[in-house]
Amino acid sequence: MASTDPEPEVAHEEESVEDSAADLADDTSEEARKAAEKAKKKRDKKKAKKAADKAAAAEGGDLAGLSLNEASAEAENTTEPTQDETVEGDESRPASAASKKKKKKKKTGAGDAAEGADGNKVCEQTFPPSIPVSKLFPTGIFPEGEVCDYRDDNLWRTTSEEKRELERLEFPMYNEVRQASEVHRQTRKFIQKIAQPGIKLFDMCEQLENCTRTLIEEKGLQAGVAFPTGCSLNHVAAHWTPNGGDQTVLGYSDVMKIDFGTQINGRIIDCAFTVSHDPKYDELLKAVKDATNTGIAEAGIDVRLGDIGAAVQEVMESYEVEIDGVTYPVKSVRNLNGHSISPYQIHAGKSVPIVKGGEQTKMEEGEFFAIETFGSTGKGYVREDLECSHYMKNFDVGHVPLRLQKAKKLLATIDRNFGTLAFCRRYLDRIGETQYLMALKNLCDVGIVQPYPPLCDIKGSYVAQYEHTILLRPTRKEVLSRGDDY
């Protein structure tokens with residue numbers, strides 16, 4: 001019987017030990033790899049969940065509005081911890097590392113969002129203005145004008161819960177007129193910069209009205225320009241705007257009254273100011289601005305209109321102005337007035353005089369008024385003169401038979417585009433009307449349309465104007481068109 005060699009047996013045992021050790025090492029490596037993958041998956045899953053929770057909770061944050069997959073991708077982009085820092089079961093360290101990642105600061109520019117003090121996110125307007133006001137206030141809530149308490153016997157209104165409830169019910173309408181007021185403020189801010197000596201008044205008016213149409217998002221009679229832009233110069237007090245082909249240019253020594261309006265659903269904002277580049281007229285402008293503010297301060301529920309006129313005249317005529325070495329007293333223009341405003345009706349029936357002795361009718365709750373004053377270095381009395389440019393369909397006119405076919409066609413155009421809002425010949429040109437003067441005269445002759453010629457003091461005199469629209473709310477009065485400029 002053959003016997004086995006002892007040497008080969010020892011070698012086999014050593015090979016078995018080495019194989020077992022190698023298998024053990026492989027098993028250990030595989031388990032470590034699986035453990036590392038499991039830890040990484042768990043860590044990634046937690047990060048994705050945290051990112052998704054953050055997106056849902058933090059409105060406006062970097063992850064706001066992301067889906068779960070997008071949140072996971074955002075989490076993968078965060079700083080990964082090193083392998084030495086990551087320990088299975090201890091995931092606070094990678095979360096801490098991710099939380100330390102700094103967010104990039106966004107640069108802001110024209111049109112970028114900026115949050116206001118009231119939390120209403122607004123955007124910065126461009127120059128020239130091109131962003132509609134509704135886009136600047138995404139919440140749809142527009143800023144209030146200047147709010148003033150009533151005086152004396154009406155002071156109780158400020159704290160009356162019943163009156164506050166009335167205001168809450170009227171908020172949609174208030175918000176509309178505030179939007180129209182904001183359009184007016186932004187438009188006039190633009191015009192104050194471009195109304196420089198040398199500008200053609202026709203071009204200035206076109207730019208102003210186009211700016212208004214853009215900012216208010218013109219929509220037929222529902223929103224747009226309320227009446228033609230008045231840019232009366234020097235002794236011309238009101239109702240002058242350039243007709244087609246007019247070449248009038250603004251001069252350095254001119255005193256120009258810019259009077260324009262905006263409207264939404266017929267609610268009109270009527271507001272005016274005076275432009276003068278020569279400092280010798282500063283005292284005249286100061287007198288009229290002071291008088292207008294006095295009229296606003298005096299206005300209120302149950303206030304007699306004549307009392308406002310007396311207060312305005314007293315302030316206005318306390319001023320003097322020296323022009324080229326001659327001193328002139330500033331006079332209130334006694335046959336020009338402020339007025340009440342109703343939907344689609346710029347002159348609603350009540351007049352607010354600017355001299356004493358006016359009517360004793362009282363202001364009432366809920367009414368809108370245009371408080372405007374005119375100060376003159378001339379006679380303080382205006383008359384109709386120059387070529388007519390302003391027209392308006394009579395608010396209460398009934399059916400009037402017309403024989404002229406062109407007049408019927410023009411009336412239909414007026415009803416469709418302007419209704420009872422004022423218009424001018426430039427507006428008719430803009431919508432494509434031609435050879436309409438005879439038809440327009442016929443409508444004026446039969447009383448359907450009322451012409452409003454320019455109103456002038458004596459030549460060589462200077463007239464200034466300031467105007468604001470106020471609302472007599474149940475609790476307080478609001479100067480809707482008030483701005484930083486005046």
Side-chain angles (χ1 to χ4, degrees), residues 176 180 183-184 187 201-202 205-214 216-232 238-246 259-270 272 339-349 368 370 384 386-455:
E176 286 180 349
V183 170
H184 198 287
T187 301
L201 297 187
F202 183 94
C205 291
E206 288 290 302
Q207 290 186 62
L208 185 153
E209 289 158 0
N210 288 334
C211 178
T212 299
R213 294 181 181 109
T214 298
I216 209 167
E217 297 173 282
E218 184 182 35
K219 190 178 180 182
L221 292 174
Q222 295 180 28
V225 177
F227 53 84
T229 301
C231 52
S232 308
H239 297 171
W240 187 88
T241 195
N243 289 321
D246 193 289
D259 188 353
F260 72 100
T262 58
Q263 66 87 15
I264 295 179
N265 290 325
R267 295 292 179 179
I268 299 170
I269 296 299
D270 185 2
H339 47 89
S340 57
I341 304 174
S342 293
Y344 296 103
Q345 189 176 18
I346 186 66
H347 298 150
F368 290 79
E384 295 179 355
L386 306 178
E387 184 181 38
C388 185
S389 56
H390 285 55
Y391 300 87
M392 185 167 64
K393 183 182 177 182
N394 286 327
F395 192 81
D396 298 318
V397 70
H399 174 71
V400 177
L402 295 170
R403 293 184 178 181
L404 193 62
Q405 191 64 32
K406 285 188 175 181
K408 293 180 181 179
K409 182 181 177 182
L410 181 60
L411 179 58
T413 299
I414 292 171
D415 286 336
R416 184 170 59 254
N417 291 278
F418 313 117
T420 54
L421 297 174
F423 61 95
C424 65
R425 285 158 59 175
R426 281 190 297 108
Y427 291 4
L428 293 174
D429 297 336
R430 181 175 178 269
I431 60 178
E433 288 294 315
T434 58
Q435 299 179 345
Y436 53 77
L437 289 179
M438 184 175 291
L440 184 59
K441 184 179 184 302
N442 182 241
L443 293 176
C444 293
D445 290 343
V446 298
I448 297 176
V449 172
Q450 178 69 38
Y452 289 88
L455 302 173

Please round to the nearest 0.5 Å and tell me the distance separating atom [atom1] of [X] and atom [atom2] of [Y].
| X | Y | atom1 | atom2 | value |
| --- | --- | --- | --- | --- |
| T212 | F260 | OG1 | CZ | 5.0 Å |
| E176 | Q222 | CD | CD | 10.0 Å |
| N442 | Q405 | CG | CD | 11.5 Å |
| L440 | I448 | CG | CD1 | 11.0 Å |
| E218 | N210 | CD | CG | 9.0 Å |
| I264 | K219 | CD1 | NZ | 11.5 Å |

Between T420 and Y344, is there a donor-acceptor pair closer than 3.5 Å when you use the side chain of the first and the backbone of the second?
-> yes

Donor-acceptor pair, D270 side chain versus I346 backbone, under 3.5 Å?
-> no

Are [X] and [Y] side-chain neighbours, meaning at least one heavy-atom pair lies under 4.5 Å?
| X | Y | result |
| --- | --- | --- |
| Y436 | I414 | no |
| C231 | C205 | yes |
| L402 | L443 | yes |
| V449 | M392 | no |

What closest approach, in Å, do [X] and [Y] show between heavy atoms, and which atom pair accounts for it?
| X | Y | value |
| --- | --- | --- |
| N243 | S389 | OD1-CB, 3.3 Å |
| I341 | A370 | CD1-CB, 3.9 Å |
| N417 | L221 | O-CD2, 3.4 Å |
| S232 | W240 | OG-N, 3.4 Å |
| A223 | E217 | CB-O, 4.2 Å |

Has K406 got more than 12 heavy atoms of other residues, nucleotides or ligands less than 6.0 Å from its NZ?
-> no

Parallel, tilted or perpendicular, as decided by the 30° and 60° cut-offs, for the rings of Y452 and H239 | perpendicular

Trace of the side chain to side chain contact (heavy atoms under 4.5 Å, CB included) decision for R267 with F368 | CA-CA 9 Å; R267 295 292 179 179; F368 290 79; 3.4 Å; yes

Show the numbers, then the answer: is there a side chain to side chain contact (heavy atoms under 4.5 Å, CB included) between F227 and D259?
-> CA-CA 9 Å; F227 53 84; D259 188 353; 3.6 Å; yes

Check the pair D246, L201 against side chain to side chain contact (heavy atoms under 4.5 Å, CB included), reporting the backbone distance first and the verdict last.
-> CA-CA 8 Å; D246 193 289; L201 297 187; 5.8 Å; no

Does the pair I269 and Q263 meet the rule for a side chain to side chain contact (heavy atoms under 4.5 Å, CB included), with working shown?
-> CA-CA 6 Å; I269 296 299; Q263 66 87 15; over 6 Å; no

Under 3.5 Å, which donor-acceptor pairs do the side chains of residues 421-428 form with other protein atoms, sequence neighbours left out?
| unit_1 | atom_1 | unit_2 | atom_2 | d |
| --- | --- | --- | --- | --- |
| R425 | NH1 | E387 | OE2 | 3.3 |
| R425 | NH1 | C388 | O | 3.4 |
| R426 | NE | P242 | O | 3.0 |
| R426 | NH1 | E206 | OE2 | 2.8 |
| R426 | NH1 | E209 | OE1 | 2.8 |
| R426 | NH2 | E209 | OE2 | 2.9 |
| R426 | NH2 | T241 | OG1 | 3.0 |
| Y427 | OH | E209 | OE2 | 3.0 |

